[in-house]
Amino acid sequence: MLKKNAFLLSVSLLMHSLVFAQVEPATPNASPEAKALLEFIYSLSGKYTLTGQHNFPAAKDNNSKFAATYIGKTPVIWSTDFGFAKEGDKDSYLKRWAMVEEAKRQNKKGAIVTLCWHAVPPTANEPITFQPLAGADPNALASVQGRLTDQQFQDILTPGTALNKKWMAQVDTIAFYLKQLQKAHIAILWRPYHEMNGNWFWWGNRTGQYSTQALYRQIFNRLVNYHKLNNLIWVWSVDRPTRAGMEFSNFYPGNNYLDILALDVYGSDFKQEYYDQLLALSQGKPITLGEVGTPPTPEILEKQPKWSYWIIWAGMTHNTPKKQFEALVNDPRVLGLNDAAYINAINPFREKTGQPKLSMTNPVDFSGEWVLNEDKSNLGAQGSGNLPHKLKIKQDENEVDIQRYFIEEWRDDRVIDDKMMLSGGETKSESYGTPRGTIAGLSTNLDTLNTTTTIIFNRGGQTAQMKTTEIWWLQNHGEELSISQSSVSPQGNRKIVMIYDRQ
């Protein structure tokens, strides 16, 4: 029996190695990172489905942070868009540099990065609107949604025309940012011209000689052959074929131009026929859910096990009841960023490209909005009078930014902006015009934050010192922030415990 088991294991390992030997990205001479990422996606097929969350261009990872709290798992995939809108809009195209930096940070923490682009039609300049404005010139489309004339679409695909040159310039701008990620050795799941079988975006639902699939091949050639981008995993993306003319095959650009096939699903419309049709078209390539309003239930995943990941669109996470997410969280096939199964699965591929292995222990993250619960706290005789009743916290791997809200009985809340570096160095600031220094750092187990704050007072030429130490930790499944505080000052010593509830 032992010999038989050993034989079967060796056959299994051999087949596994043969499968990955055949995994070659559509991009010629793909980067090691791109090859490793695609191999990893292949390895998931039929075994696991990764969680994912889209973030508005101006949101950095705020949508993902909300999803982590609401769902109970931190999404594996961080998704965003290159944007198209004006300054101040959630879809602002002016956030691209910040997106690049956030993508680097997400990759470092172990997340997978996917990017799409609500592309600007070559009939307009950035910024534009999502939908056409009332009274707009139909021959000068300046919105993501809307229809170009047949001649305009033909010109985009005809070398040498004004619209073709404008199209190239727009794509070249996006290529510049993609090259920054290539230089950083980050592989990208790249999903251009999504929902291409639909007729709502300017690029969509074109067939014949001047077709949507021809436009897809054109951007492939521009980015891969002209710009030599080799870090892109090409995700071909369609919507549900809910009416005649949206059939997947009408828009398929060919196996040489894609790595993954993606379907967008809203309204929980996970019909088995969509899955079966996409799977048949894939010829063994991975399939995924590029966008969803509501993720598939465990029952759907049982019947459709080869969805490699799903990505909830920004702003739609809380449209799904928490009870449904509980079922997904408890399903061993559905993986979050901090799940041991994900860490064990991704680490061999990270090692292949020289990336540091992910740890089973992840740093505690206090990000969120918190309100003091006096009933749960132990505040002593002085009560909550000089304590912040609300905290707004943003944390990354380097620092914690805090807004502390203090109740003023005669005016609006007094707000103090505070910052603590997590490197162990001292952060200097002022409190009521007096110097203050704070030293902060995470514990060895990365589950608590330890701070020491020293304030030097000068009264009538004499100096006095107040020293406060705090220990922060999360409890009750991350829904409560506990702060144990000890202070020593000329007015006496004080020891309290503040409990804040997550909002």
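Here the structure is a predicted model, which is why all the values come from computation and not from measurement.
With respect to E302 and R333, a salt bridge is recorded, a charged nitrogen being found less than 4.0 Å from a carboxylate O. A salt bridge is defined here as a Lys NZ or Arg NE, NH1 or NH2 lying under 4.0 Å from an Asp or Glu carboxylate O, and E101 with K104 meets this definition. Salt bridge annotation for D264-R191: present, with a cationic side-chain nitrogen under 4.0 angstrom from a carboxylate oxygen.
Tested against F130, the residues V144, D89, D91 include a single side chain to side chain contact (heavy atoms under 4.5 Å, CB included) partner, V144. The side chain to side chain donor-acceptor pair (under 3.5 Å) test with N199 singles out one residue from R206, R243, R147, and that residue is R243. F40 pairs with exactly one of Y309, Y48, F349 by the ring-ring contact (aromatic ring centres under 6.0 Å, His included) rule, that one being F349.
Listed by chain and residue number, F366 satisfy the ring pair (Phe, Tyr, Trp, His ring centres under 6.0 Å) test with W472 (two or more places apart in sequence, or in another chain). Considering only residues two or more places apart in sequence or on other chains, Y275 meets the ring pair (Phe, Tyr, Trp, His ring centres under 6.0 Å) condition with W307. Annotation: ring pair (Phe, Tyr, Trp, His ring centres under 6.0 Å) contacts of F325 (sequence neighbours excluded): Y70. Scored by the ring pair (Phe, Tyr, Trp, His ring centres under 6.0 Å) test, W203 finds Y193, H194, F201 as partners (sequence neighbours excluded). Partners of P127 by side chain to side chain contact (heavy atoms under 4.5 Å, CB included), not counting sequence neighbours, listed by chain and number: K86, Y93.
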Between W236 and V238, does the side chain to side chain contact (heavy atoms under 4.5 Å, CB included) criterion hold? Intermediate values first, please.
CA-CA 7 Å; W236 175 75; V238 289; 3.4 Å; yes

List the steps, then state whether side chain to side chain donor-acceptor pair (under 3.5 Å) holds for S211 with Q213.
CA-CA 5 Å; S211 64; Q213 60 176 254; 4.8 Å; no

Pair L481, L474 - check side chain to side chain contact (heavy atoms under 4.5 Å, CB included), show working.
CA-CA 5 Å; L481 165 59; L474 297 180; 4.2 Å; yes

Take D61 and R105, measure what side chain to side chain contact (heavy atoms under 4.5 Å, CB included) needs, and give me the verdict at the end.
CA-CA 10 Å; D61 68 337; R105 193 178 76 86; 2.7 Å; yes

Determine, step by step, whether L115 and L189 satisfy the side chain to side chain contact (heavy atoms under 4.5 Å, CB included) criterion, reporting the C-alpha distance in whole Å, the side-chain angles of both residues, the deciding distance to 0.1 Å, and the verdict.
CA-CA 6 Å; L115 301 175; L189 297 173; over 6 Å; no

K109 and D365: CA distance, side-chain angles, deciding distance, salt bridge (Lys or Arg N to Asp or Glu O under 4.0 Å) verdict
CA-CA 13 Å; K109 66 187 283 190; D365 189 345; 5.7 Å; no

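Contact annotation: the side chain of I311 never approaches that of Q53 to less than 4.5 Å [non-hydrogen atoms, C-beta and beyond]. Between R502 and W370, the closest side-chain pair of non-hydrogen atoms falls below 4.5 Å. Looking at heavy atoms from C-beta onward, R96 lies in side-chain contact with I174 at the 4.5 angstrom threshold. When side chains are defined from C-beta on, W190 does not count as touching L229, because their heavy atoms never get closer than 4.5 Å. The closest side-chain heavy-atom distance from V76 to D339 is not below 4.5 Å. Looking only at side-chain heavy atoms (C-beta outward), I260 and I233 come within less than 4.5 Å of each other. Between V265 and Y274 there is no side-chain heavy-atom pair separated by less than 4.5 Å. Side-chain contact between R222 and W167: present, with at least one pair of heavy atoms (C-beta onward) separated by less than 4.5 Å.
Within 6.0 Å of the NZ atom in K394, the count of heavy atoms belonging to other residues, nucleotides or ligands does not exceed 12. Annotation: N29, atom CG; neighbour count of heavy atoms from other residues, nucleotides and ligands within 6.0 Å does not exceed 12. More than 12 non-hydrogen atoms from other residues, nucleotides or ligands lie less than 6.0 angstrom from NZ of K285. The number of heavy atoms from other shown groups lying within 6.0 Å of NZ (K166) is above 12.
Nearest approach of P296 to F270, heavy atoms of both residues: N-CZ, 3.7 Å. The nearest pair of heavy atoms linking L148 to P121 is CD2-CB, 4.3 Å. Nearest approach of A103 to L181, heavy atoms of both residues: CB-CD2, 3.8 Å. Heavy-atom minimum distance, A341 versus L335: CB-CD2, 3.7 Å. The nearest pair of heavy atoms linking L337 to A111 is CD1-N, 3.7 Å. Heavy-atom minimum distance, G336 versus Y342: O-CB, 3.4 Å.
Donor-acceptor pairing under 3.5 Å is lacking for the side chains of D172 and Y226. Side-chain contact of T123 with Q152: a donor-acceptor pair under 3.5 Å is absent, judged by distance alone. If you check the side chains of Q355 and T353, you find a donor sitting under 3.5 Å from an acceptor. For the residue pair D155/Q151, the side-chain donor-acceptor check at 3.5 Å is satisfied. Between N231 and S31, the side chains place no donor N or O within less than 3.5 Å of an acceptor N or O (distance only, hydrogens not considered).
Taking OG1 of T27 as the start and CG of N225 as the end, the distance is 9.0 Å to the nearest 0.5 Å. Rounding to the nearest 0.5 Å gives a distance of 11.5 Å between CG of N63 and CE of M316. From L232, atom CG reaches atom CD1 of I186 across 12.0 Å, with rounding to the nearest 0.5 Å. Separating the CG atom in L328 from the OG1 atom in T297 is a distance of 7.5 Å, to the nearest 0.5 Å. Rounded to the nearest 0.5 angstrom, K95 NZ and K90 NZ are separated by 14.0 Å.
Remark: side-chain polar atoms of W310 are not paired, donor with acceptor, to backbone N or O of T294 under 3.5 angstrom. Within the 3.5 Å criterion, the main-chain N or O of N55 finds a donor-acceptor partner in the side chain of T80. Side-chain atoms of W78 come within 3.5 Å of backbone N or O of K60 as a donor-acceptor pair. In this structure, the side chain of N205 does not engage the main chain of G198 through any donor-acceptor pair within 3.5 Å. In this structure, the side chain of N197 engages the main chain of D239 through a donor-acceptor pair within 3.5 Å. A distance-only check finds no donor-acceptor pair linking the side chain of S45 to the backbone of I41 [under 3.5 Å]. In this structure, the side chain of S143 engages the main chain of Q145 through a donor-acceptor pair within 3.5 Å. Of the possible polar contacts, none joining the D331 side chain to the A327 backbone as a donor-acceptor pair under 3.5 Å is found.
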Review item, side-chain donor-acceptor pairs of residues 246-257, under 3.5 Å, at least two apart:
from	atom 1	to	atom 2	distance (Å)
E247	OE1	G245	N	3.0
E247	OE1	N250	ND2	3.1
E247	OE2	G245	N	3.4
Y252	OH	N255	OD1	2.4

